[in-house]
Amino acid sequence: MSIDLFRIDDRLIHGQVVVGWGQPMGIEFIVLVDDEVRASDWEQELYRMGVPPSVDVAFASVEEAAAQLVAWEADPRKGIVLTGDIDGMAALCAGANGAITRVNLGGIHYREGRKERLRYIYLTDEEAAKLRALAARNVEITAQDVPTGKAVPLNELMA
Amino acid sequence: MSEPLVGVVLAHAEVAEALVSAVRAIAGDDHGLVPVSNTGCDRAAILARLEAAVGGRAAVIFADLPGGSCAFSAGAFVRLHPDVRVVTGVNLAMLLDFAFHRGLPAADAAARAVETGRASVGGIGR
């Protein structure tokens, strides 16, 4: 599989993704799975402008992503697939029929109703339950903001 | 006479605060700069901080990393704020120059900041 990282990050494409993970992993493409961005030409242009020319950026809706996953996995280059929230990644995993076995929690920031789990992960009880449900489908979930940061397994995050 | 431009420095961690502090130490208090950090923020929260910092005025947002969350958020912000421009790759030299050219229109100030910032990048010695 050429997708080196399936990541949930509410900042979508940003420095930690492109530089923090992208550089040490030698990433050559990033797929942003987000219905809102997929429907917005100016947002896509904004993200393309901010990514180095050596990295291709693709945009997909959640529905499109499930259908295109096989093609991305067949790509010989190393890539990252990003969703902005848990629901998006859960839908992608459901559509992948077991092909996605590891998910990285890279950043879910504070909003009202969320409790701090890590300085970069805040969850409501409902969001925590969704992550447990995803893990129950044999997806290994780990919180890790950057590769040199501590990788925190889901059960430790929920403790 | 129109109001002077506001300069919003939007950066990761404590970078914005540190840059504005350095400007204050060099050029005094009348610099027109407002520091904003992205720490702990998703895009919505960054946009809210920008809204508060800009306060409906003509402004230049100085973001740190092209391709970072600050730059992307600033790019989204200016779509709804025609009197605001964004410059990425903020450095001390461009902020110091901005502090003394706040009477320019935002577009001119931003273009000047890009040139000043670039011109300040170089090496010393052999």
Side-chain angles (χ1 to χ4, degrees), chain A residues 7-23 27 30 32 34 36-37 40-57 59 80 82-86 105-123 127 145-146, chain B residues 8-19 35-52 54 60-82 84-91 107 110-111 113-114 117-118 121:
Chain A
R7 178 176 172 98
I8 300 172
D9 193 329
D10 59 14
R11 288 183 182 174
L12 306 180
I13 298 175
H14 66 115
Q16 277 184 354
V17 172
V18 178
V19 179
W21 288 91
Q23 287 218 4
I27 291 301
I30 296 171
L32 176 50
D34 187 276
E36 196 176 308
V37 176
S40 171
D41 288 341
W42 75 262
E43 281 237 47
Q44 291 179 33
E45 183 185 343
L46 188 63
Y47 283 116
R48 282 202 179 90
M49 281 168 49
V51 175
S54 59
V55 178
D56 284 337
V57 182
F59 303 92
I80 293 175
L82 276 175
T83 68
D85 55 32
I86 296 167
L105 286 183
I108 301 176
H109 292 85
Y110 173 78
R111 283 191 188 174
E112 194 172 335
R114 285 178 174 164
K115 289 180 282 193
E116 182 177 354
R117 308 301 178 124
L118 295 172
R119 61 174 171 73
Y120 57 93
I121 300 292
Y122 290 71
L123 301 169
E127 288 168 332
D145 52 354
V146 291
Chain B
V8 178
V9 184
L10 174 63
H12 290 71
E14 291 81 41
V15 172
E17 190 68 54
L19 281 170
V36 174
S37 171
N38 75 342
T39 297
C41 294
D42 59 10
R43 182 191 273 192
I46 296 173
L47 289 173
R49 288 185 179 184
L50 282 176
E51 201 70 60
V54 171
V60 176
I61 300 173
F62 297 94
D64 52 4
L65 182 69
S69 57
C70 296
F72 288 136
S73 298
F77 184 85
V78 298
R79 276 188 59 86
L80 298 174
H81 298 81
V84 181
R85 297 291 186 275
V86 180
V87 174
T88 60
V90 61
N91 62 29
V114 169
R118 279 195 184 126
V121 178

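Throughout, a chain's letter reflects where its sequence line sits, starting with A, and its residues are numbered from 1.
Contacts with chain A were tallied for S73(B), C70(B), G40(B); G40(B) has the most, counting heavy-atom pairs under 4.5 Å. Your options are V51(A), D9(A), I13(A), and the one with the most heavy-atom pairs under 4.5 Å with chain B is I13(A). Residue with the most contacts toward chain B among L46(A), D10(A), I108(A): L46(A) (heavy-atom pairs, distance under 4.5 Å). Of the listed residues A71(B), A45(B), S69(B), G75(B), the one with more heavy-atom pairs under 4.5 angstrom with chain A than any other is S69(B). For the set L65(B), N38(B), T88(B), the count of heavy-atom pairs under 4.5 angstrom toward chain A peaks at N38(B).
With a threshold of 4.5 angstrom between heavy atoms, E43(A) approaches chain B through side-chain atoms but not through N, CA, C or O. Within the 4.5 angstrom heavy-atom criterion, only side-chain atoms of R111(A), from C-beta onward, approach chain B. Interface residue Y47(A): backbone and side-chain heavy atoms are both found under 4.5 Å from chain B.
A donor-acceptor pair under 3.5 Å links the side-chain atoms of R11(A) to the main chain of C41(B), judged by distance alone.
At a threshold of 4.0 Å, the pair E45(A)-R79(B) does not count as salt-bridged, since none of the basic side-chain nitrogens sits closer than that to a carboxylate oxygen.
Within a 6.0 Å sphere centred on CD of E116(A), other residues, nucleotides and ligands contribute more than 12 heavy atoms.
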